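All of these numbers come straight from a predicted model, not from anything done at the bench. Chain letters run A, B, ... following the sequence lines, proteins first and then strands; every chain starts at 1.
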Amino acid sequence: MAMDDQSRVFVRKLLIWYKKAARELPWRDTRNPYAILVSEFMLQQTQVSRVLEYFPRFMARFPTIDALARSRPKAVMEQWDGLGYYARARNLHALAKVVSRTLHGQLPDDPVQLQELPGVGKYTAGAVACFAYQKAVPAVDTNVRRVLSRVFGNAKFGMRNAELWRLASTLVPKNGERAWKFNQAMMELGALVCTARVPKCQDCPVKKHCRYTARLNSRNRIHGRAHPE
DNA sequence: GTCCCGGGCG
DNA sequence: CGCCCGGGAC
């Protein structure tokens, strides 16, 4: 599907905003697939602030996927202790063993192959393919889902999951480096501005292209509230 | 204290 | 669709 002009402007503004607004996070500094995998497993269930505490320790203790594969379950669980969702630590360990023994320690770069691994669903597969290997594929997590629904959705019908993935596919730049930035930027916008409870629409780089903002403004005009520009 | 949030899985 | 498990908003 081709991109319309509105979508092009949306992507451009998003990327410009990301350049100045992005937080510096350790897993954004690396293209090491294993490091990115570990960060994604942790981020599936935990806020950034806590992952910042666990991620460096985990990487220091298990520096490679082979090192993780060779480790005792007890040692892995110790590093995960306090993060919750312990099935994921077991999945990560199982994944490391599979990749170490059957794939020479090389994580696949193909989302379909990634998704066959334990604990890796559609989102994590896309995230690893894009963030580690610069594949121009979408990665739709809850943040991205929320941003897309608000910007491109309408009031009556919520967008279905398949619809959101299709929309994300049309928006992702074809260039790998730009795709990386786009996916990071979508999540950053969802985390910092387009938040679940009270979105900070005043600070939003794409408010002029957003149907949600448009809906808010028309509602406020009807009820005589101040225009939230 | 109570409620809400979240990827993947069964 | 409910569960896993902790944090944070209210």
Side-chain angles (χ1 to χ4, degrees), chain A residues 23 25-28 33-58 65 68 73-99 107-133 135 137-150 153 158-169 172 180 182-203 212:
Chain A
R23 294 168 291 180
L25 302 170
W27 46 92
R28 284 183 176 154
Y34 168 65
I36 287 165
L37 180 83
V38 171
S39 73
E40 290 301 338
F41 263 70
M42 289 183 173
L43 289 161
Q44 280 175 6
Q45 65 206 43
T46 313
Q47 312 92 303
V48 166
S49 59
R50 310 205 62 235
V51 174
L52 281 171
E53 188 185 331
Y54 280 77
F55 175 74
R57 274 210 307 264
F58 194 97
I65 201 162
L68 179 61
K74 183 166 176 280
V76 178
M77 296 315 286
E78 271 169 22
Q79 288 303 310
W80 207 268
D81 189 40
L83 273 180
Y85 287 94
Y86 299 97
R88 313 244 172 138
R90 290 190 287 275
N91 281 336
L92 181 58
H93 196 196
L95 182 157
K97 288 179 181 175
V98 171
V99 172
L107 270 174
D109 64 358
D110 172 17
V112 176
Q113 283 171 258
L114 283 163
Q115 235 185 294
E116 290 167 6
L117 299 168
V120 179
K122 199 166 164 62
Y123 164 72
T124 304
V128 171
C130 180
F131 297 149
Y133 297 108
K135 294 278 172 182
V137 295
V140 181
D141 70 349
T142 298
N143 279 323
V144 176
R145 184 170 291 124
R146 187 172 58 250
V147 172
L148 291 176
S149 305
R150 283 185 178 153
M159 277 193 264
R160 296 171 175 287
N161 205 33
E163 212 178 336
L164 289 168
W165 277 92
R166 249 183 286 121
L167 174 56
S169 304
V172 180
W180 186 99
F182 170 81
N183 284 325
Q184 293 284 358
M186 288 292 282
M187 288 191 254
E188 198 74 336
L189 190 68
L192 300 180
V193 177
C194 196
T195 47
R197 285 182 211 78
V198 188
K200 303 171 177 64
C201 295
Q202 332 79 264
D203 304 335
Y212 179 82

Inset, instruction - Report yes if at least one side-chain N or O of A:Arg146 is closer than 4.0 Å to OP1 or OP2 of B:dG6; otherwise report no. - result: yes
Legend entry - Donor-acceptor contact present, side-chain A:Ser149 to main-chain A:Arg145, <3.5 Å: yes
Legend entry - Residue A:Tyr86, side-chain atoms from C-beta onward, closest of B:dG6, B:dG8, C:dG6: C:dG6
Inset, instruction - Could you state the atom-to-atom distance from CG of A:Leu95 to P of B:dG8 in whole Å? - result: 12 Å
Inset, instruction - Answer yes or no: does a side-chain N or O of A:Thr124 lie under 4.0 Å from OP1 or OP2 of B:dG8? - result: yes
Legend entry - Expected output: side-chain A:Trp180 to main-chain A:Gln184 donor-acceptor under 3.5 Å: no
Inset, instruction - Measure the shortest side-chain to side-chain distance between A:Leu92 and A:Phe58 over non-hydrogen atoms and say whether it is less than 4.5 angstrom. - result: yes
Inset, instruction - Have a look at A:Gln47 and say if it touches a base, only the backbone sugar-phosphate, or nothing, with a 4.0 Å heavy-atom cut-off. - result: sugar-phosphate
Legend entry - Interatomic distance where CE belongs to A:Met42 and P belongs to C:dG6 [whole Å]: 14 Å
Legend entry - A:Arg160 atom CZ, over 12 foreign heavy atoms within 6.0 Å: no
Inset, instruction - Could you check how far CG of A:Leu43 sits from P of C:dC5, rounded to whole Å? - result: 19 Å
Inset, instruction - Among B:dG8, B:dG6, C:dC5, find the nucleotide with the atom closest to the side chain of A:Tyr123. - result: B:dG8
Legend entry - Any A:Arg197 side-chain N or O less than 4.0 Å from OP1/OP2 of C:dC10: no
Inset, instruction - Rounded off to whole Å, could you give me the CG-to-P distance for the A:Leu83 and C:dG8 pair? - result: 12 Å
Legend entry - Upstream residue (5' side of DNA chain B) when A:Gln45 and A:Asn91 are each assigned their closest nucleotide: A:Gln45
Inset, instruction - Let me know, please, whether A:Gly84 or A:Ser49 comes out on the 5' side of the other along DNA chain C by nearest nucleotide. - result: A:Gly84
Inset, instruction - Provide, to the nearest angstrom, the distance between the CG atom belonging to A:Asp81 and the P atom belonging to C:dG7. - result: 11 Å
Legend entry - Student check: side-chain heavy atoms of A:Cys201 and A:Tyr212 closer than 4.5 Å: yes
Legend entry - Between B:dG8 (C1') and A:Trp165 (CH2): distance, integer Å: 13 Å
Inset, instruction - Provide, to the nearest angstrom, the distance between the CZ atom belonging to A:Phe41 and the C1' atom belonging to C:dC4. - result: 15 Å
Inset, instruction - May I ask you to evaluate whether A:Tyr85 reaches the phosphate of B:dC9, defined as a side-chain N or O under 4.0 Å from OP1 or OP2? - result: no
Legend entry - Nucleotide C:dC5, atom C1' - distance to CE of A:Met77 in whole Å: 12 Å
